[in-house]
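Starting from 1, each residue takes its place in the sequence as its number.
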Amino acid sequence: DLQRRYPPFTYAERLRSLLAEVTDEVQLQRQLRRFRRREMIRIAWRDLAGHSDLDEVTAELSALADACIALALQRLYGWHCEQWGTPLDSAGQPQQLIVLGMGKLGAGELNFSSDVDLIYAYAQEGETQGGPRSISHQEFFIRLAQRLGNALSNITGDGYVFRVDTRLRPFGEASALALSFDGLADYYQVHVRDWERYAMLKARVVAGEREGGQNLPPAADGPGRAGTSCSAPTSCWLPTIHGKARSRRRSRGAASRAPRR
């Protein structure tokens with residue numbers, strides 16, 4: 001392992017096997033931290049020995065974080081549904097918590113001291129089904145996001161996995177930890193600030209939707225636009241935010257190059 005670069009998905013495959021027998025959150029946190037420590041040492045050794053360049057180091061650190069977030073969420077989601085029921089969409093299919101990686105994580109440029117900047121989203125409102133008691137989808141996903149943050153950030157005898165920062169979500173700490181697609185669409189259409197548009201250029205799905213095997217519907221013309229049937233935020237509003245930010249940047253660049261009179 002010290003002499004080679006990992007192929008894609010190696011981190012996820014190895015961590016999945018380690019978590020196969022995990023039965024509670026204490027065991028989950030222990031295995032995540034031990035896996036992270038082993039792989040961090042490997043990445044650092046290859047860096048110091050000159051076997052990897054900066055691009056490889058940041059790419060592998062980002063892939064390690066992706067695997068830890070995605071596999072931790074996968075285990076927590078199952079336990080969460082047993083406790084609170086399953087959030088179903090309008091077609092009766094289970095909804096996943098969609099985790100967007102922002103900043104250095106979103107760009108695949110994580111370094112050894114980086115936090116992971118995350119935004120949590122879900123497709124549709126409603127009430128959970130099939131559990132001991134029913135709660136709203138928002139409450140379900142907020143509690144799930146809290147459990148995920150604890151699994152990654154809590155400091156135990158084995159340390160922590162990654163520090164989680166959720167302040168890049170719409171309205172920052174003043175808003176709910178997890179927001180529906182409609183809430184996100186409204187914010188990025190009406191309230192978004194310029195720096196947030198540019199921040200979205202690095203956003204990508206790191207867990208949840210992809211791991212749940214859901215197929216994204218075709219991209220709509222714009223977030224929250226009347227008449228669209230989009231049920232997944234990343235396919236509807238994320239490409240639109242990317243396009244608007246690039247368009248605005250090009251317009252400003254053209255304006256700065258125009259001759260002054």
Heavy-atom closest pair, residues [X] and [Y]:
{"X": "Arg33", "Y": "Asn154", "answer": "NH2-O, 2.6 Å"}
{"X": "Ala207", "Y": "Ala70", "answer": "CB-CA, 3.6 Å"}
{"X": "Ala199", "Y": "Met102", "answer": "O-CE, 3.8 Å"}
{"X": "Ala72", "Y": "Leu148", "answer": "CB-CD1, 3.9 Å"}
{"X": "Phe181", "Y": "Ala123", "answer": "CB-O, 3.5 Å"}
{"X": "Phe141", "Y": "Pro87", "answer": "CZ-CG, 3.5 Å"}

To the nearest 0.5 Å, what is the distance between [atom1] on [X] and [atom2] on [Y]?
{"X": "Ser52", "Y": "Asp47", "atom1": "OG", "atom2": "CG", "answer": "5.0 Å"}
{"X": "Leu76", "Y": "Leu28", "atom1": "CG", "atom2": "CG", "answer": "5.5 Å"}
{"X": "Leu64", "Y": "Ile69", "atom1": "CG", "atom2": "CD1", "answer": "9.5 Å"}
{"X": "Phe140", "Y": "Gln83", "atom1": "CZ", "atom2": "CD", "answer": "9.5 Å"}
{"X": "Leu144", "Y": "His80", "atom1": "CG", "atom2": "NE2", "answer": "5.0 Å"}
{"X": "Arg143", "Y": "Leu97", "atom1": "CZ", "atom2": "CG", "answer": "14.5 Å"}

Quick check on the hydrophobic clustering: are [X] and [Y] connected, directly or via other members, by side-chain heavy-atom contacts under 4.5 Å?
{"X": "Ile98", "Y": "Leu88", "answer": "no"}
{"X": "Leu73", "Y": "Leu18", "answer": "yes"}
{"X": "Tyr11", "Y": "Tyr160", "answer": "no"}
{"X": "Phe9", "Y": "Leu110", "answer": "no"}

Point to revise | Test side chain to side chain contact (heavy atoms under 4.5 Å, CB included) applied to Trp84 and Trp79, step by step | key: CA-CA 9 Å; Trp84 301 108; Trp79 298 333; over 6 Å; no

Between [X] and [Y], is any pair of side-chain heavy atoms under 4.5 Å apart?
{"X": "Tyr187", "Y": "Ser175", "value": "no"}
{"X": "Val206", "Y": "Leu100", "value": "no"}
{"X": "Cys81", "Y": "Pro94", "value": "no"}
{"X": "Val164", "Y": "Asp117", "value": "no"}
{"X": "Ser114", "Y": "Leu105", "value": "no"}
{"X": "Leu15", "Y": "Leu71", "value": "yes"}
{"X": "Glu39", "Y": "Arg14", "value": "yes"}
{"X": "Tyr120", "Y": "Leu177", "value": "yes"}

Exercise for review: Apply side chain to side chain contact (heavy atoms under 4.5 Å, CB included) to the pair Asn111 and Lys104, showing each step before the final yes or no.
Suggested key: CA-CA 8 Å; Asn111 60 49; Lys104 291 181 178 179; 3.0 Å; yes

**Study point:** Verdict with reasoning, Val99 to Leu118, per side chain to side chain contact (heavy atoms under 4.5 Å, CB included)
**Key:** CA-CA 7 Å; Val99 184; Leu118 304 178; 3.9 Å; yes

Check your understanding: Is there a donor-acceptor contact under 3.5 Å linking the side chains of Gln96 and Tyr122?
Key ->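 Looking only at side-chain atoms, Tyr122 and Gln96 do not form any donor-acceptor pair under 3.5 Å.
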
When you measure from the side chain of [X] to the backbone N and O of [Y], does any donor-acceptor pair fall under 3.5 Å?
{"X": "Gln27", "Y": "Thr23", "answer": "yes"}
{"X": "Thr128", "Y": "Ser134", "answer": "no"}
{"X": "Arg36", "Y": "Val161", "answer": "yes"}

Practice item. Report yes or no: is the cationic atom of Arg42 (NZ for Lys, CZ for Arg) closer than 6.0 Å to the six-membered ring centre of Tyr6, at no more than 45° off its axis? Key: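 Yes.
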
Review point. Of the options Gln95, Glu125, Gln124, Glu127, which is the one that meets His137 in a side-chain hydrogen bond (donor to acceptor under 3.5 Å, both in side chains)?
Key: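 Exactly one option meets the side-chain hydrogen bond (donor to acceptor under 3.5 Å, both in side chains) with His137, and it is Gln95.
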
Check your understanding: Would you find more than 12 non-hydrogen atoms of other residues, nucleotides or ligands less than 6.0 Å from Leu48 atom CG?
Key ->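 It does: Leu48 CG has more than 12 such atoms within range.
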
**Study point:** salt bridge (charged side-chain N to carboxylate O under 4.0 Å, His left out) pairs, two or more places apart, involving residues 148-162
**Key:**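 Of all non-adjacent pairs touching residues 148-162, those that pass salt bridge (charged side-chain N to carboxylate O under 4.0 Å, His left out) are Arg34-Asp158.
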
Check your understanding: Which residue pairs pass the salt bridge (charged side-chain N to carboxylate O under 4.0 Å, His left out) test with at least one member in residues 159-173, sequence neighbours excluded?
Key ->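 Every salt bridge (charged side-chain N to carboxylate O under 4.0 Å, His left out) pair that includes a residue of residues 159-173, provided the two are not neighbours, is Asp115-Arg163, Asp165-Arg167.
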
Review point. So which pairs with a foot in residues 29-49 pass ring pair (Phe, Tyr, Trp, His ring centres under 6.0 Å), sequence neighbours left out?
Key: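 For residues 29-49, and leaving out neighbouring residues, the ring pair (Phe, Tyr, Trp, His ring centres under 6.0 Å) pairs sorted by first residue read Trp45-His51.
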
Sequence neighbours left out, what passes side-chain hydrogen bond (donor to acceptor under 3.5 Å, both in side chains) with [X]? Give chain and number order.
{"X": "Gln93", "answer": "none"}
{"X": "Ser17", "answer": "none"}
{"X": "Glu56", "answer": "Arg46"}

Exercise for review: Let me see the working for Leu61 and Ile43 under side chain to side chain contact (heavy atoms under 4.5 Å, CB included), right down to the final yes or no.
Suggested key: CA-CA 8 Å; Leu61 288 170; Ile43 295 170; 3.8 Å; yes

Review point. Among Arg147, Arg30, Arg75, whose salt bridge (Lys or Arg N to Asp or Glu O under 4.0 Å) with Glu25 holds?
Key: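 Of the listed residues Arg147, Arg30, Arg75, the salt bridge (Lys or Arg N to Asp or Glu O under 4.0 Å) partner of Glu25 is Arg147.
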
